[in-house]
Undergrad: 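Submitted below is the structure of interest, expressed as structure tokens.
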Amino acid sequence: MSKYQRLIPIALALLLAAGCGSTSEGAHVDESLTAVDAQFKIRAYMSEVLAELPAGTALSKQPDNPNLPTKNRRNPIANPCWEGNIQSSGPRYFSIGYWITGLPSGLTAEYFERIPAIWQSKGWATETNDISDVAKAKIPDGFGLQLQDAGKGDGSLSLTGFSPCLPESTIDAMENDPFTIPHP
């Protein structure tokens, strides 16, 4: 089992903590939130974190390390806010993933500690798990962020943002995310 496959349950736990319940009946759905609003808000939270990092860093679908995969998915991934395969429609939450590029090589551990400290300074609840090299932030409005160390020892960190559950009817209006989000 790859490191990424082991992290799927951790990502799901973050999503449950971010406000998505296990079934559509139990999920808190923000009826006023649209998919487009959620998409822009996730990118805004990511940009807030990016602004606290050194000049020259960026968020990119293409990692600095050529041995890591490009995040080819340009539009947010719509995930169900329920478990199992009984339902086929209902509220969704979104995830958007990027690599953090431009970090100095060899400083993975430093930035893996620094980014959750940035989250804490913003008043966001944080959780780290040294065993799996994952750190999570729960933002008071139900959004969340996840930082993950790719385990290459070269500063390869990914940042994924999550929305709270929102009505499925708003999904069609989404647009592609930019390939790169530059340092503000």
Side-chain angles (χ1 to χ4, degrees), residues 7 10-20 27-64 70-81 91-103 111-128 134-150 155-184:
L7 293 174
I10 294 167
L12 291 174
L14 171 66
L15 299 170
L16 291 174
C20 291
H28 170 72
V29 179
D30 184 342
E31 296 291 337
S32 67
L33 184 62
T34 69
V36 172
D37 291 340
Q39 182 180 19
F40 285 117
K41 197 159 195 178
I42 289 170
R43 291 195 320 237
Y45 282 131
M46 291 177 148
S47 292
E48 260 187 74
V49 173
L50 185 60
E52 302 285 333
L53 299 177
T57 56
L59 298 175
S60 179
K61 299 291 183 176
Q62 176 69 47
D64 286 335
T70 297
K71 294 182 181 286
N72 290 322
R73 182 95 180 184
R74 291 288 306 278
N75 57 334
I77 300 171
N79 304 288
C81 290
R92 307 286 175 151
Y93 68 87
F94 292 96
S95 60
I96 299 172
Y98 283 95
W99 291 102
I100 302 174
T101 60
L103 290 174
Y111 283 96
F112 191 78
E113 291 177 13
R114 185 182 295 183
I115 292 170
I118 292 168
W119 296 342
Q120 288 174 345
S121 73
K122 295 177 178 302
W124 301 344
T126 61
E127 176 186 332
T128 57
V134 172
K136 305 172 204 172
K138 183 178 178 189
I139 303 168
D141 61 3
F143 284 80
L145 295 174
Q146 177 177 292
L147 177 69
Q148 183 174 340
D149 180 353
S156 294
L157 298 173
S158 65
L159 184 64
T160 303
F162 301 93
S163 75
C165 292
L166 50 94
E168 182 179 35
S169 61
T170 68
I171 293 172
D172 293 338
M174 287 190 310
E175 58 184 48
N176 285 340
D177 286 311
F179 191 80
T180 300
I181 299 174
H183 191 274

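This is a predicted model, so every value here is computed, not measured. This chain uses plain numbering: 1 for the first residue, then up along the sequence.
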Undergrad: Do Q146 and S95 come within less than 4.5 Å of each other through their side chains, counting heavy atoms only?
TA: no
Undergrad: Would you say the side chain of F40 lies within less than 4.5 Å of the side chain of E175, judging by non-hydrogen atoms?
TA: yes
Undergrad: Rounded to the nearest 0.5 Å, how far apart are CH2 of W99 and NZ of K61?
TA: 11.5 Å
Undergrad: Indicate yes or no for a side-chain donor-acceptor contact from K71 to the backbone of F179 under 3.5 Å, with no hydrogens or angles considered.
TA: no
Undergrad: Would you give the length of the straight line joining atom OG of S47 to atom CD1 of I42, rounded to the nearest 0.5 angstrom?
TA: 12.0 Å
Undergrad: Passes side-chain contact (heavy atoms from CB on, under 4.5 Å), L166 versus F94? Steps please.
TA: CA-CA 9 Å; L166 50 94; F94 292 96; 3.3 Å; yes
Undergrad: Hey, what do you get for CD1 (I181) to CD1 (I100), rounding to the nearest 0.5 Å?
TA: 11.0 Å
Undergrad: Can you confirm whether T57 sits close enough to T101 that some side-chain heavy atom of one is under 4.5 Å from a side-chain heavy atom of the other?
TA: no
Undergrad: D149 and S156: which non-hydrogen atoms are nearest, and at how many Å?
TA: OD1-O, 3.7 Å
Undergrad: Are any of the side-chain heavy atoms of Q39 and I96 separated by less than 4.5 Å?
TA: yes
Undergrad: For Y111 and P54, work out which heavy atoms get closest and say how close.
TA: OH-CG, 3.1 Å
Undergrad: CE of M46 to CG of L159: how many Å apart, nearest 0.5 Å?
TA: 4.0 Å
Undergrad: Rounded to the nearest 0.5 Å, what separation is found between the OG atom of S163 and the CG atom of D141?
TA: 10.0 Å
Undergrad: Looking at every heavy atom in both E31 and P167, which two are closest together, and how far apart are they?
TA: OE1-CG, 3.5 Å
Undergrad: How close do P116 and T128 get, heavy atom to heavy atom, and via which atoms?
TA: CG-CG2, 4.2 Å
Undergrad: Is T126 reaching over with its side chain to a backbone N or O of Q120, donor-acceptor style, under 3.5 angstrom?
TA: no
Undergrad: Got a sec, which residues hit ring pair (Phe, Tyr, Trp, His ring centres under 6.0 Å) with Y45, two or more places apart in sequence or on another chain?
TA: W124, F143
Undergrad: Considering only heavy atoms from C-beta outward, does the side chain of K41 approach that of L33 to under 4.5 Å?
TA: no
Undergrad: Kindly indicate whether the side chain of L147, heavy atoms from C-beta on, has any atom under 4.5 Å from the side chain of F112.
TA: yes
Undergrad: Hey, mind stepping through I118 and L53 against side-chain contact (heavy atoms from CB on, under 4.5 Å) and telling me if it holds?
TA: CA-CA 9 Å; I118 292 168; L53 299 177; 4.1 Å; yes
Undergrad: Considering only heavy atoms from C-beta outward, does the side chain of R43 approach that of D177 to under 4.5 Å?
TA: yes
Undergrad: Does the side chain of T70 reach to within under 4.5 Å of the side chain of P63, using non-hydrogen atoms?
TA: yes
Undergrad: Between atom OG of S121 and atom CZ of R114, what is the distance when rounded to the nearest 0.5 Å?
TA: 12.0 Å
Undergrad: Show the nearest heavy-atom pair for residues A35 and T170, with the distance to one decimal.
TA: N-OG1, 3.0 Å
Undergrad: Minimum heavy-atom separation for V29 to P91, with atom names?
TA: CG2-CB, 3.5 Å
